[in-house]
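The structure appears right after this line, and notes come after that.
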2 protein chains.
Amino acid sequence: MLNDRKKKILQLIIEDYISTAEPVGSRTIARKYDLGISPATIRNEMSDLELLGYLEKPHTSAGRVPSAQAYRFYVDSLIEPGSLTDNDMALINSWYKERRRNIDDIFQSTAKILSRMTQNVSMVLANKDTGAVFRYIKFLPLDSSHAILCIVTDDGNVDNCVVEIPLGMRPEEMDYLAGRISSVLEGKELSEISDELLSALHMDVAEDKVLFTSFLQAIKRMSRKQNEQRVFLGGTKQLLNQPEFRDVERVKSLLGILEEEKVVRDLLVAGEDSGLKITIGTENKFTGIQDCSMVQATYRLNGKIVGTMAVLGPTRMEYGKVITVMDYLHKYLKTIFEQEKE
Amino acid sequence: MLNDRKKKILQLIIEDYISTAEPVGSRTIARKYDLGISPATIRNEMSDLELLGYLEKPHTSAGRVPSAQAYRFYVDSLIEPGSLTDNDMALINSWYKERRRNIDDIFQSTAKILSRMTQNVSMVLANKDTGAVFRYIKFLPLDSSHAILCIVTDDGNVDNCVVEIPLGMRPEEMDYLAGRISSVLEGKELSEISDELLSALHMDVAEDKVLFTSFLQAIKRMSRKQNEQRVFLGGTKQLLNQPEFRDVERVKSLLGILEEEKVVRDLLVAGEDSGLKITIGTENKFTGIQDCSMVQATYRLNGKIVGTMAVLGPTRMEYGKVITVMDYLHKYLKTIFEQEKE
DNA sequence: GTTAGCACTCTAACAAATTGAGTGCTAACA
DNA sequence: TGTTAGCACTCAATTTGTTAGAGTGCTAAC
């Protein structure tokens, strides 16, 4: 185990490196932070820390740089939970208010805020299965040959599509049909409306084939939408602010990965189990981001995963800040979602 | 006026520079393209072209580079209309099919395709005012204290929101209210439903204040959505492929501009009048992109502007290819929109 | 255990030398 | 008169050389 002084020195080196991106030398530590010991002593300690695998030298006469192991130790043992400044909180709140018309806007804002606050790329995965329950369908007349089919769920969502009215069908007949379909599906969760159920229904109302096909498509679309996971990215531009990404090639390769929605989704899903997950460098098994770190937080509502958010950046990342921001966003979202459900 | 040989040489220089991004020297031209004249002769011609303002020298002993004037001449007189390869057309068609669920997806795909085919940033502005006409509103029951307010327009769009039912109000009363509002607004274009009209309506039904406010919000939102212009960007990542943007600072500054949706919208609206508009370098009056060129095509349906698409990149741009691609997309969209309207 | 002193190392920054692509001019040629 | 070979000249880019500075590791003294 490291003694207190080693810990302290290691912490200072890590934090200095995080903020400057420059290798840290013994004199820097002695000058900047008053530890009451001379550079030579610090040098000896650093030499030990290097031997123990916590520090690395880019070359003989540069300062030292934290290793992945050092970051791991840092996030596990050294980091102290911080809190946001009032200013930051006010900023976040105002950014959320900027544009909030539907639930997707909230996720989009979260991604944006996360990246702005951390100067890194952010990813938000929204699980949409809110367990909405089918209520009824209804046909609204449009013109002589078309009607609008509305599917109403108990969360107040309405999906609709235009359907053609079969020749000669009267409004009462359509209402009757709507009633029959409704009574069968009433109370079912959208996600549990299976193909079997629908085809059973089909037998029942087979006479009105055209109309039923339209209905089938609409309900399927709605249930798909319901189960859909959506990915929101934020701050891909922020990458360019990080000295690690001064090199255009590196930017390109990372952006290439982020462009593949499927990859991002897999990446996020892989880390969903634990509440807060921090992967440093090669701890992450996805190729292409193994020189990056990722902090991911998954949030649940009544035990169900609602979404997960992550920050991706160079291993030299402000882990403390990231965690603090995520924590705040987490709480903020919680309030919003609970309020949404009433 | 330029004689044929000068034209030919200028064209070769421009095209060589477009494809290599390197200043073009007299020997290169003589070697690559068999004009039957020696480098010395070409040198004399180039010297003339420089005097005439078509060529510029980065420095004494580099080759020469086309001036803005040269590009202008090129797009006006030298460029010959090309056509897409079968391969490209197949690619475009498949990309369009990839994801097409609603009208926005089409615009998004257009932006994506445009950027992929041209290796530059693309912008698509979608005007949404389709001239939809108000038909009627309808309340759908949800639970004892809530209903869903649906606003139906003649194009088959339904906007909906959950409203609270005033205590003690019976369904018949709500239907009556819906009928009254509907009869006043029926047949009006959403964009012409003014505040005055709504407040006049308010006088009329003032007794049901809570419900009416909800309705007001919904109709306003719908009319806003109707007039909304949406901007779709594509291929901001492509920037990094252009040698002109090897410098991270330049990338940052351009991305900064593209991030401001309002700026992009203004930029696109400014060039909407003409069918095809090419601005080269400082011909564009917007600051920040004056070292870029922009090719913009505006498409109309029945005389009304439906949208406009543009490609933004370095002045050294494959104008011919860009125009060809846009032309194809234009035709493709036309088919889709006409089919959409039936 | 701590520290001052010092030789040693290695990069980054700067300067000087070299290379090579390209031009402009001139004189000769068809 | 238009074309071309030849040659001196220019200038950025590359290479090579030099220096300064930051940092280390070791040793000996405290």
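Chain A is the first sequence line, chain B the second, and so forth, proteins listed ahead of strands; every chain is numbered from 1. The basis for the numbers below is simple: all heavy atoms, side chains too, and nothing from hydrogens, waters or symmetry mates.
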Task: Reported CD1-to-CD distance for the pair B:I113 and B:Q108, which is rounded to 0.5 angstrom - done: 10.5 Å
Task: Dot-bracket summary - DNA chain D, pairs being Watson-Crick or G-U whose distances fall under 3.5 Å, with | when paired to another strand - done: ||||||||||||||||||||||||||||||
TODO: Send over the distance from B:M46 CE to C:dG22 C1', rounded to a whole Å.
DONE: 9 Å
- [ ] Output the single nucleotide from D:dA12, C:dG24, C:dC10 whose closest atom is nearest the side chain of B:K57.
- [x] C:dG24
Open item on the list: With a 4.0 Å limit, can you tell me whether A:T60 has a side-chain N or O closer than that to the phosphate oxygens OP1/OP2 of C:dT9?
Closed with: no
Open item on the list: Whether the side chain of A:S61 and the base of C:dC10 hold a donor-acceptor pair under 3.5 Å is what I'd like checked.
Closed with: yes
- [ ] Look up atom OG1 in A:T41 and atom CZ in A:R5, then write down how far apart they are to the nearest 0.5 Å.
- [x] 6.0 Å
Task: 4.5 Å side-chain heavy-atom contact, A:L267 and A:I289 - done: yes
Task: Integer-rounded Å distance: D:dT24 C1' and A:H59 NE2 - done: 11 Å
- [ ] Classify the ring geometry between A:Y319 and A:Y71 as parallel (under 30°), tilted (30 to 60°) or perpendicular (over 60°).
- [x] tilted
- [ ] Whole angstrom is fine here: how far is it from CZ in B:R5 over to P in D:dT4?
- [x] 8 Å
Open item on the list: If I take atom CD in residue B:E45 and atom C1' in nucleotide D:dT1, what distance separates them, rounded to the nearest angstrom?
Closed with: 14 Å
Open item on the list: In this structure, how many angstroms lie between the P atom of D:dT3 and the NZ atom of B:K6, rounded?
Closed with: 9 Å
Task: Rounded distance in Å - CZ (B:R64) to P (D:dC11) - done: 14 Å
Task: Interatomic spacing from CD1 in A:I323 to CD1 in A:I79 - rounded to 0.5 Å - done: 4.5 Å
Task: Between P of C:dC29 and CG of B:N44, the distance in whole Å - done: 18 Å
Open item on the list: Under the rule for ring pair (Phe, Tyr, Trp, His ring centres under 6.0 Å), what residues qualify as partners of B:F232, not counting sequence neighbours?
Closed with: B:F107
Open item on the list: Between P on C:dC25 and CG on B:D48, what's the gap in Å once rounded to a whole number?
Closed with: 12 Å
Open item on the list: Within the structure provided, determine whether B:Q238 and B:V121 are in side-chain contact (heavy-atom separation under 4.5 Å).
Closed with: no
Open item on the list: A:S122 and side chain to side chain contact (heavy atoms under 4.5 Å, CB included): which single residue from A:L114, A:T110, A:L329 fits?
Closed with: A:L114
TODO: For C:dA4, take OP1 and OP2 only and decide whether either is under 4.0 Å from a side-chain N or O of A:R43.
DONE: no
Task: Residue pair A:F286, A:I257: steps toward the side chain to side chain contact (heavy atoms under 4.5 Å, CB included) verdict - done: CA-CA 10 Å; A:F286 283 76; A:I257 292 169; over 6 Å; no
Task: Sorted by number, the residues of residues 16-42 of chain A with heavy-atom contact under 4.0 Å to DNA chain D - done: A:G25, A:S26, A:T28
